Each structure stands twice: as structure tokens, then as C-alpha cells.
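This report refers to the structure that appears directly beneath it.
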2 protein chains.
Amino acid sequence: MRPLFHPGKDDIRAEDILHALADPVRASIFTQIASASCAQICAAFSSVNNKPIPKSSLSQHFRVLREAGLIRSERQGVEMHNTSRFEEVEARFPGLLPAILVAYSSRKDAPAKAARGRRAGGR
Amino acid sequence: MRPLFHPGKDDIRAEDILHALADPVRASIFTQIASASCAQICAAFSSVNNKPIPKSSLSQHFRVLREAGLIRSERQGVEMHNTSRFEEVEARFPGLLPAILVAYSSRKDAPAKAARGRRAGGR
DNA sequence: TCAATAGTTCGCAATTCCTGAACTACCGAA
DNA sequence: TTCGGTAGTTCAGGAATTGCGAACTATTGA
């Protein structure tokens with residue numbers, strides 16, 4: 001198993017942060033990470049949404065978050081310990097994460113209205 | 001030609017904003033839009049970077065920005081008039097756009113270090 | 001050593017993205 | 001009205017990315 005890559009604090013890039021958090025699933029994972037394991041997140045998704053996310057997909061999501069510099073993953077015994085790198089990201093891009101998290105938390109939009117008819121007839 | 005889709009102010013979604021601005025090219029377009037036409041943006045990219053962006057790609061970028069609710073595009077004679085919807089987005093997601101724009105403008109990262117060795121051997 | 005648990009990696013299908021070519025829309029001149 | 005030029009959109013295909021089941025790796029406890 002290859003060692004997990006974590007970008008250095010100064011290598012964190014705005015586009016990686018935005019890309020990582022542009023996926024609502026990953027944004028949700030990130031907000032739930034107060035030191036949660038992958039399995040706990042997985043269980044949470046299974047119960048809240050009734051759509052259980054496959055663990056391979058979840059692993060990929062964690063990788064994207066990790067390589068964007070948003071979380072740090074360390075093995076602790078048999079499971080993985082994920083911690084937020086909020087402070088580091090905040091130091092590099094002040095105000096960015098709070099603004100994004102607020103934007104997501106304020107979504108009162110109807111839940112996933114199936115593309116809401118946009119891109120009508122779209123490719 | 002299909003009429004251009006613009007989401008209503010309250011239909012703007014955080015994930016669309018983040019996805020649209022996760023692309024440095026689009027972020028750059030957005031910051032340059034003080035009422036610029038597609039052709040002007042295109043010319044700007046040709047001169048600044050020496051990599052001219054094909055107009056079809058540019059058109060797609062504009063579409064993503066438009067459908068995310070970030071810009072408004074209106075035909076004015078033979079060319080397209082793009083204006084920022086900054087205030088509307090700001091009203092819906094306070095602080096989001098300023099934080100993102102600041103994050104991009106503060107990038108002092110070495111220009112495109114060719115993936116910086118990350119994802120070593122990565123898929 | 002074996003079984004169980006947690007997560008990663010592989011491989012392929014599905015989706016999305018990029019871009020040259022063709023097309024549409026508008027304008028001005030003949 | 002027709003032609004020619006300019007500006008931008010749409011189409012089609014290949015490239016790149018993503019999603020996910022299956023196989024694999026790592027660690028612990030019996």
C-alpha cells in the first residue's frame with residue numbers, strides 16, 4: 001500500500017480545495033470529520049441518506065480531501081483516523097473554508113430536484 | 001440556438017459555484033468579467049498565457065459560469081455581453097465569492113509545477 | 001495461524017471535459 | 001435581398017475523470 005500523500009501547508013491550492021468541496025458528499029464528509037473514521041462516516045451516510053456509499057467510493061473521496069490538504073489521515077490500529085486541517089487551510093486562505101461551509105449549511109433548496117429541468121434537452 | 005439558461009437567484013447552488021470556480025481558467029474569466037465579451041477574454045488569454053483557448057472551449061466555460069449563476073450573458077448585436085452576478089451570489093452566499101477570489105489572487109505558488117510529484121504513479 | 005475488520009487499489013463502465021468542425025445569429029455593404 | 005464577415009453555439013469524437021464491485025493489504029485478537 002503506497003504511503004498516503006499529504007500536501008505541505010504551502011502547497012495547498014485553491015483550485016484543489018474548491019474541487020474537493022464542489023462535491024456535496026465530500027463537503028458533507030468534511031463537515032462531519034471531527035475525528036471520525038471512514039466506517040463511521042460510511043454508517044452515517046447509510047442511515048441519513050438511505051443511499052449507502054460503497055467503501056471504495058468513500059475511500060476515493062477521502063483521498064481527494066486528503067490530497068487537497070483538507071484532512072490528515074493516519075492509521076490508528078486497524079482503522080484510519082481522519083482529522084481536519086482546517087487551521088492550516090485557514091492560515092493559507094483566510095475565510096475560504098468558513099464561507100464555503102456557511103454556503104452549504106444555508107442550502108434550503110429543495111433536495112435534489114433531479115437537475116431541476118435545467119440544461120433543457122441538454123447533451 | 002437554444003435560449004441561454006440562467007438560474008434564478010434562489011436556485012443558485014453552492015456546489016455549482018464551487019465547481020465553476022474550481023477551474024482556474026474559469027476563475028480567471030470571472031475576475032476579468034467587468035463586462036467583457038467572449039472575444040476580448042479570448043484575446044486576453046492568447047496574449048497573457050501564450051496558450052490560446054479555443055473558442056468552443058471558451059463558450060463552454062461561459063456556459064458553466066452562466067448556469068452556475070455567476071454571470072449573465074446577453075446578446076448585444078453581433079457579440080455577447082457578459083456581466084457578473086456578483087451581488088446576487090453575494091446576497092445568497094455572503095462572503096463566498098470574496099473568499100474564493102482572495103484565495104486565487106493570493107496564489108504565489110510556483111506556476112504549474114507539473115503535478116508536483118503528487119499522486120506518485122497515481123491512477 | 002486463522003478469521004475478522006478497515007480501508008486501499010484495480011479494472012472497467014459511465015460520465016464529464018476538451019476541442020476542431022460545422023452551424024446559427026447578427027450586421028453592414030452592395 | 002443577397003453576400004461576407006464576425007461572434008458565438010452546438011455537435012461529435014476522443015481524452016480524462018469518476019463511480020463502484022471485486023480483489024487485495026494491513027492490523028488486531030483469538
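All values reported here derive from a predicted model rather than from experimental measurement. A, B, ... follow the sequence lines: proteins, then strands. Residue 1 opens every chain.
At C:dC17, none of the side-chain N or O atoms of B:R63 fall inside 4.0 Å of OP1 or OP2 (strictly under the cut-off). Look at A:H61 and you won't find any side-chain N or O under 4.0 angstrom from OP1 or OP2 of C:dG7. An OP1 or OP2 oxygen of C:dC17 is reached within less than 4.0 angstrom by a side-chain nitrogen or oxygen of B:H19.
Of all nucleotides listed (C:dG7, C:dT8, D:dG19), C:dG7 comes nearest to the side chain of A:E79. Set against D:dT9, C:dT8, C:dT19, the side chain of A:L4 has C:dT8 as its closest nucleotide. Closest approach to the B:S57 side chain among D:dT9, C:dT19, D:dT18 is made by C:dT19 (side chain taken as heavy atoms from C-beta onward). With distances taken from any side-chain atom of A:Q60 to the nucleotides D:dG21, C:dT8, C:dT9, the minimum falls on C:dT9.
Spacing between atom CG of B:L58 and atom P of D:dG8 amounts to 9 Å, rounded to whole angstrom units. If you measure from atom CD1 of B:I29 to atom C1' of D:dG8, you get 13 Å, rounded to the nearest angstrom. If you take CD1 of B:I41 and P of D:dT6, they are 20 Å apart, rounded to a whole angstrom. Atom-to-atom, CG of A:D16 to P of D:dT17 comes out at 12 Å; the value is rounded to the nearest Å. If you measure from atom CZ of A:F62 to atom C1' of C:dA6, you get 12 Å, rounded to the nearest angstrom. Between A:M80 atom CE and C:dA6 atom C1' the separation is 10 Å, expressed in whole Å. Atom-to-atom, CD of B:E74 to C1' of D:dT9 comes out at 17 Å; the value is rounded to the nearest Å. With rounding to whole Å, B:D23 atom CG is found 12 Å from D:dT17 atom P.
Under the 4.5 Å side-chain heavy-atom criterion for ILVMFWY residues, a single connected hydrophobic cluster contains both A:V89 and B:L101. In this structure, A:F86 is a member of the same hydrophobic cluster as A:I12, with clusters built from ILVMFWY side-chain heavy atoms closer than 4.5 Å. In the hydrophobic clustering of ILVMFWY residues, with side-chain heavy atoms under 4.5 Å counting as a link, A:I17 and A:V25 come out together. Both B:F62 and B:F45 are assigned to one and the same hydrophobic cluster, defined by single-linkage of ILVMFWY side chains at heavy-atom distances under 4.5 Å.
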* For A:L97 and A:L70, what are the C-alpha separation, side-chain angles and deciding distance, and is it a side-chain contact (heavy atoms from CB on, under 4.5 Å)? -> CA-CA 10 Å; A:L97 288 186; A:L70 284 162; 3.8 Å; yes
* Asked: When every nucleotide of nucleotides 22-30 of chain D is labelled 5' to 3' by its protein contacts under 4.0 Å (heavy atoms), B for base, S for sugar-phosphate only, - for none, what sequence of letters results?
  -> B--BSBS--
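Between B:S59 and A:R26, the residue anchored nearer the 5' end of DNA chain D, judged by the nucleotide with its closest heavy atom, is B:S59.
Residues B:G8 and B:R85 approach most closely at C-NH2, 4.1 Å, considering heavy atoms.
The one candidate from A:H81, A:R63, A:R66 that meets the side-chain hydrogen bond (donor to acceptor under 3.5 Å, both in side chains) condition with A:S73 is A:R66.
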